[in-house]
Amino acid sequence: LQLVESGGGSVQPGGSLRLSCAASGFTLDYYAIGWFSQAPGKEREGVSCITSGGGITNYADSVKGRFTVSRDNAKKAVLLEMNSLKPEDTAVYYCAGGFVSYGINWCALTPRAFNSWGQGTQVTVSS
């Protein structure tokens with residue numbers, strides 16, 4: 001599974017961005033997808049995740065109510081809608097895939113649980 005992120009950029013506080021994660025090389029139906037952020041000098045941390053079928057989502061407390069994750073397996077795409085952005089959201093954002101067996105509803109905010117990673121996209125929130 002290959003993943004490519006896009007949609008990052010620079011916005012003012014309170015602004016919005018929509019990140020996309022495009023998959024290729026394998027069907028997305030068997031992959032939970034996680035979004036992770038990594039700020040300079042900090043460890044990579046979980047932002048959001050979504051189960052393979054899209055029925056269950058999870059969010060870090062810091063983004064609850066502001067970010068929304070969704071997916072379209074037919075289009076092999078996962079989106080992260082980011083609203084009410086804050087300067088502390090500034091980071092490189094990565095999407096990652098974790099293989100799951102059919103019918104298993106799983107996702108996690110732990111980077112080591114995922115083994116297919118995109119190259120990342122920069123998000124900068126600054127006035």
Side-chain angles (χ1 to χ4, degrees):
L1 182 71
Q2 290 82 47
L3 300 172
V4 178
E5 304 92 338
S6 62
S10 296
V11 296
Q12 294 185 340
S16 299
L17 284 173
R18 184 173 69 177
L19 303 185
S20 296
C21 176
S24 63
F26 201 77
T27 177
L28 205 54
D29 294 6
Y30 293 95
Y31 285 86
I33 298 294
W35 284 96
F36 299 87
S37 66
Q38 188 165 20
K42 295 187 177 181
E43 294 187 355
R44 193 168 298 187
E45 58 184 22
V47 174
S48 180
C49 68
I50 186 168
T51 54
S52 57
I56 298 174
T57 58
N58 196 9
Y59 299 91
D61 288 343
S62 60
V63 306
K64 283 181 180 177
R66 301 189 297 123
F67 290 11
T68 303
V69 62
S70 61
R71 67 190 294 160
D72 185 335
N73 286 353
K75 294 182 178 179
K76 293 188 175 182
V78 180
L79 301 179
L80 183 68
E81 299 276 356
M82 310 167 69
N83 298 313
S84 302
L85 283 162
K86 304 175 180 180
E88 50 263 44
D89 295 321
T90 296
V92 177
Y93 283 74
Y94 300 87
C95 65
F99 182 84
V100 294
S101 299
Y102 179 79
I104 301 297
N105 290 318
W106 169 89
C107 76
L109 297 179
T110 306
R112 65 177 181 271
F114 295 82
N115 51 23
S116 297
W117 289 83
Q119 83 290 347
T121 185
Q122 176 70 46
V123 171
T124 302
V125 185
S126 174
S127 56

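Any value given below was found using the heavy atoms of this structure, including those in side chains, with hydrogens, waters and symmetry copies removed.
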Participant: Considering all heavy atoms of both residues, which atom of V125 and which atom of K86 are nearest to each other, and what is their separation?
Facilitator: CB-O, 3.2 Å
Participant: Does the side chain of Q122 come within less than 4.5 Å of T90's, by heavy atoms?
Facilitator: yes
Participant: Between W117 and F26, is there shared hydrophobic-cluster membership here, with clusters defined by ILVMFWY side-chain heavy atoms closer than 4.5 Å?
Facilitator: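 No, no single cluster joins them.
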Participant: Could you check whether any side-chain heavy atom of Q38 comes within less than 4.5 Å of a side-chain heavy atom of Y94, counting everything from C-beta outward?
Facilitator: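 Side-chain contact under 4.5 Å: yes.
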Participant: What are the two closest non-hydrogen atoms of F36 and P111, and how far apart are they?
Facilitator: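 Minimum heavy-atom separation between F36 and P111: CE2-N, 3.5 Å.
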Participant: With the side chain counted from C-beta on, respond yes when I50 and C107 share a heavy-atom pair under 4.5 Å apart, and no when they do not.
Facilitator: no
Participant: Can you name the nearest heavy-atom pair linking I33 to C95, along with the distance?
Facilitator: CG2-CB, 4.4 Å
Participant: Looking at side-chain heavy atoms only, is the closest gap between R71 and L79 below 4.5 Å?
Facilitator: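 When only atoms from C-beta onward are counted, L79 and R71 do not touch, as no gap falls below 4.5 Å.
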Participant: Can you list every pair that meets side chain to side chain donor-acceptor pair (under 3.5 Å) and has a residue in residues 56-68, with sequence neighbours left out?
Facilitator: D61-K64, R66-D89
Participant: In Å, rounded to the nearest 0.5 Å, how long is the span from CD of E81 to OG of S16?
Facilitator: 8.0 Å
Participant: Find out if a path of hydrophobic residues (ILVMFWY) with successive side-chain heavy-atom gaps under 4.5 Å connects L109 to V47.
Facilitator: no
Participant: What heavy-atom pair brings F114 and G34 nearest, and what distance separates the two atoms?
Facilitator: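 Shortest heavy-atom contact: CE2-N, 3.5 Å.
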Participant: For K42, which residues count as a salt bridge (charged side-chain N to carboxylate O under 4.0 Å, His left out) partner, sequence neighbours excluded?
Facilitator: none
Participant: Can you find a heavy atom in the side chain of S126 that is under 4.5 Å from one in the side chain of P87?
Facilitator: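 The answer is no, as the side chains (C-beta and beyond) never meet within the 4.5 Å cut-off.
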Participant: For the CH2 atom of W106 and the CD1 atom of I56, what is their distance to the nearest 0.5 Å?
Facilitator: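 Reported value, rounded in 0.5 Å steps: 12.0 Å.
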Participant: Please round to the nearest 0.5 Å and tell me the distance separating atom OG of S37 and atom CZ of R44.
Facilitator: 9.5 Å
Participant: Identify the two heavy atoms, one from Q119 and one from L3, that lie closest to each other, and give their separation to 0.1 Å.
Facilitator: OE1-O, 3.9 Å
Participant: Could you give the distance from OG (S101) to CZ (F99), rounded to the nearest 0.5 Å?
Facilitator: 5.5 Å
Participant: Is there a side-chain contact between V100 and Y31 in this structure, where contact means two heavy atoms from C-beta onward sitting under 4.5 Å apart?
Facilitator: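 No; the side chains remain at least 4.5 Å from each other.
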Participant: Taking atom CG of L80 and atom CZ of F67, what is their separation to the nearest 0.5 Å?
Facilitator: 6.0 Å
Participant: Before you tell me yes or no, could you show the steps for L28 and V78 under side chain to side chain contact (heavy atoms under 4.5 Å, CB included), namely the whole-Å CA-CA distance, both residues' side-chain angles and the distance that decides it to 0.1 Å?
Facilitator: CA-CA 9 Å; L28 205 54; V78 180; 4.0 Å; yes
Participant: Hey, any chance V92 and V63 share a hydrophobic cluster, counting ILVMFWY side chains that come within less than 4.5 Å of each other, even indirectly?
Facilitator: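 Different clusters: V92 never reaches V63 through Ile, Leu, Val, Met, Phe, Trp or Tyr contacts under 4.5 Å.
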Participant: Closest approach of L17 and V123, non-hydrogen atoms and distance?
Facilitator: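 For L17 versus V123, the nearest heavy atoms are CD1-CG1, 3.8 Å.
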